[in-house]
Amino acid sequence: MVIWGFAFCCMAGASGMLWNYMGWSDTISWNHYYFHSVAIWFYYSGFLHLHLLRKWDLKKGAWVILGGALLVLYFDYLPQIGGIHLPGVFDVNLY
Amino acid sequence: MSISIKNMWEFSGRWDISVWLLFGAAVDLMIGSAVMKQHEYVFSSLSRLTLQEWTGTYGMGNLNITWWFYLSILLLFLLAVNTFVCTTNGVIVLLKRFSSMSKQVFFLRFSIHIMHISFILVLAGHLVSHVAGVNLPNNILQKNGTISVCSPNFKVGLKDMKIEFEKETRFKTLEGDVKDVSAILSFADSKMCVQEKLISVNRPAWFEGFSFHLDDFSPKSEGSKREPYIKLTIKKDPGVSLQVAGVAFFSIGLSVYLFSVIRSRFNRDRET
Amino acid sequence: MRKFNFWLALGSITLAFLLFSGCQGSFRHFGEFSVMYLENNCKVVTDGVGRKLLLVPRGQEAPKEYEGVTKVEIPVRKVVTYSNADAARLKTLGVVDSIAGVVTKKDDWYIPEIRKGMEEGRIVYLGEYTSIDYERLQVINPDVVFTWDEGVIPKLKELDIPCVITSTKLAKDLPAHIR
């Protein structure tokens with residue numbers, strides 16, 4: 001599953017590079033969103049190396065994947081949903 | 001400390017070094033993206049300056065903000081060296097065992113090395129782009145105006161431009177806003193050869209190794225009295241071809257790998 | 001088996017990179033704007049859209065490595081300003097008397113020095129930003145034009161008048177404009 005997710009992540013990165021080049025003449029967009037995505041790409045790349053080289057068992061690897069999921073949630077998902085507002089109960093901008 | 005070349009080669013090709021470098025790069029870039037969020041302008045100038053120009057201005061003058069960027073360059077360099085050594089060792093072993101393994105297993109293992117080599121190509125392409133690229137932003141062109149690019153013999157002119165505005169749309173607030181913009185550029189080189197090319201948003205033109213991107217335009221609302229103009233970003237990027245090659249080979253390697261994974265899963269399911 | 005000193009190699013590469021990067025002088029940046037201080041009191045200024053201008057003291061020759069960069073002689077004595085905000089900043093700096101041309105009518109100004117200057121004929125109204133009187137501008141012959149309109153750059157280049165784009169892509173750059 002992670003391999004497929006990583007494959008789609010690579011496709012997203014490549015299409016992003018192409019889009020940025022066509023619009024702004026540079027394959028890298030110099031803002032923090034790009035570097036979030038690249039950091040997560042490297043994180044999952046590290047996990048795949050550990051898993052496919054069979055250096056770590058699945059139990060340890062599961063913790064790495066969980067960490068990766070939290071990173072994706074924090075860096076990629078939370079910025080898009082904005083703040084969570086429940087009047088009188090919870091009113092916070094999580095990002 | 002004196003180290004032999006052979007020991008360094010063996011050390012560079014270790015799998016644990018790869019993993020440390022990958023996670024190290026991930027952590028460094030995460031820290032860096034948080035720092036970048038607070039100091040956008042220090043890094044946004046990298047889109048118009050080369051790496052060495054940027055180092056001489058923003059980079060060295062703000063080391064407390066830019067340290068992570070230089071660390072990431074170092075980590076990626078070491079990762080590229082590690083990948084190269086690892087891949088070279090792997091390919092040598094694979095070619096030695098070619099006759100004793102099935103084609104499927106050979107392609108599966110070789111596709112991984114293709115992905116690794118293309119990763120190095122992409123990194124090299126990024127470095128070449130930002131060290132050897134020529135970037136000429138902020139070129140304003142009005143209708144029938146011309147500008148010279150790098151030499152007086154190489155001229156670019158705006159022959160015509162067309163701005164389409166939103167009309168009769170269900171979203172009333174959008175009426176009068178720009179729908180699309182395009183321009184016809186005329187290029188003349190030293191041999192007096194004239195060519196015309198159409199450019200639009202996200203649709204650049206290429207001529208004599210330079211790419212011409214539509215960065216901005218005016219007017220942006222219907223009925224404006226402002227004189228129409230376009231703003232071009234002109235760039236000569238020698239690293240783009242390396243990056244395109246890297247992405248293409250990576251896609252090929254990834255497709256072969258995924259196909260092999262699906263096929264082996266299918267064969268395993270058929271056996272059970 | 002050849003041996004080499006690892007630390008010497010690493011140190012050489014770092015030193016070469018620093019030298020190659022060409023650290024020239026002190027550098028300060030304010031949002032999109034920046035100033036690089038060179039020798040002989042010259043400066044290279046980057047405006048709001050990344051255009052470079054070379055500030056050279058009057059009577060001095062420009063540094064050769066900046067050939068091709070738009071030159072502005074300092075101290076600046078006569079300016080034309082498009083934006084009321086820029087005029088306000090010039091007043092804050094105490095140089096509102098350097099304004100020689102504006103694109104806002106007299107009745108729309110709240111800065112008394114500018115209204116008085118327009119009444120006395122020292123400050124010229126150049127017309128609306130969409131239809132600037134370039135002949136009048138040429139007569140004024142300012143040292144620099146502060147504008148937000150990038151469309152005038154080709155015309156000002158023909159007239160050999162330097163211009164500074166004082167606006168930036170993001171509105172939140174107002175503190176940087178002020179600095």
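In the text below, chain A, chain B and the rest are named by the order of the sequence lines, each starting its count at 1. Basis for what follows: all heavy atoms, side chains included, without hydrogens, waters or symmetry-related copies.
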Non-hydrogen atoms of chain A under 4.5 Å away: do they reach the side chain of [X], the backbone, both or neither?
X: B:S47; result: both
X: B:F210; result: neither
X: B:I262; result: side chain
X: B:V240; result: side chain
X: B:L76; result: side chain
X: B:F250; result: side chain
X: B:L254; result: side chain

Does A:H32 form a ring-ring contact (aromatic ring centres under 6.0 Å, His included) with B:F43? I'd like the steps, not just the answer.
CA-CA 9 Å; A:H32 58 281; B:F43 298 95; over 10 Å; no
Any chance [atom1] of [X] has more than 12 other-residue heavy atoms, nucleotides or ligands included, within less than 6.0 Å?
X: B:H113; atom1: NE2; answer: yes
X: A:W19; atom1: CH2; answer: no
X: B:K179; atom1: NZ; answer: no
X: B:F107; atom1: CZ; answer: no

Using a 4.5 angstrom heavy-atom cutoff, name the option from [options] with the most pairs to chain A.
options: B:D237, B:V244, B:L22; value: B:L22
options: B:S33, B:A25, B:P137; value: B:S33
options: B:L258, B:T233, B:V201; value: B:L258
options: B:G246, B:P204, B:S255; value: B:P204
options: B:V35, B:V19, B:D16, B:D28; value: B:V19

Compare every heavy atom of B:A26 with every heavy atom of A:A39, then report the nearest pair and how far apart it is.
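Closest pair (atom of A:A39, atom of B:A26, distance): O-CB, 3.4 Å.
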Smallest separation among heavy atoms of B:M30 and A:L71, with atom names
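Distance-wise, the nearest heavy atoms are CE-CD1, 3.3 Å.
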Hey, could you give me the [atom1]/[atom2] distance between [X] and [Y], rounded to the nearest 0.5 Å?
X: A:S25; Y: B:D215; atom1: OG; atom2: CG; value: 7.5 Å
X: A:Y21; Y: B:N202; atom1: OH; atom2: CG; value: 12.5 Å
X: A:D26; Y: B:H126; atom1: CG; atom2: NE2; value: 9.0 Å
X: B:M36; Y: A:F35; atom1: CE; atom2: CZ; value: 4.5 Å
X: A:L52; Y: B:I112; atom1: CG; atom2: CD1; value: 7.0 Å
X: A:S45; Y: B:L79; atom1: OG; atom2: CG; value: 7.5 Å

With side chains defined as the heavy atoms from C-beta onward, is the minimum distance between A:N31 and B:K37 less than 4.5 Å?
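No, side chains not in contact.
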Heavy-atom distance under 4.5 Å between the side chains of B:Q243 and A:M17, does that happen here?
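Side-chain contact under 4.5 Å: yes.
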Establish, yes or no, whether a centroid distance under 6.0 Å links the rings of A:W30 and B:Y41.
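So the answer is no for these two rings.
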Okay, side chain of A:H49, backbone of B:W15: is any donor-acceptor separation there less than 3.5 Å?
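Not confirmed, A:H49 side chain does not pair with B:W15 backbone.
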Go through A:Y34, A:Y43, A:F42, A:F6 and name the one with the most non-hydrogen pairs under 4.5 angstrom from chain B.
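Looking at each of A:Y34, A:Y43, A:F42, A:F6 in turn, A:F42 comes out on top.
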Under 4.5 Å heavy-atom distance to chain B, tell me which part of A:W41 shows up: side chain, backbone, both or neither.
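The answer is the side chain of A:W41.
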If you apply the rule side-chain contact (heavy atoms from CB on, under 4.5 Å), what do you find for A:L50 with B:F23, and how did you get there?
CA-CA 11 Å; A:L50 278 176; B:F23 281 115; 3.9 Å; yes
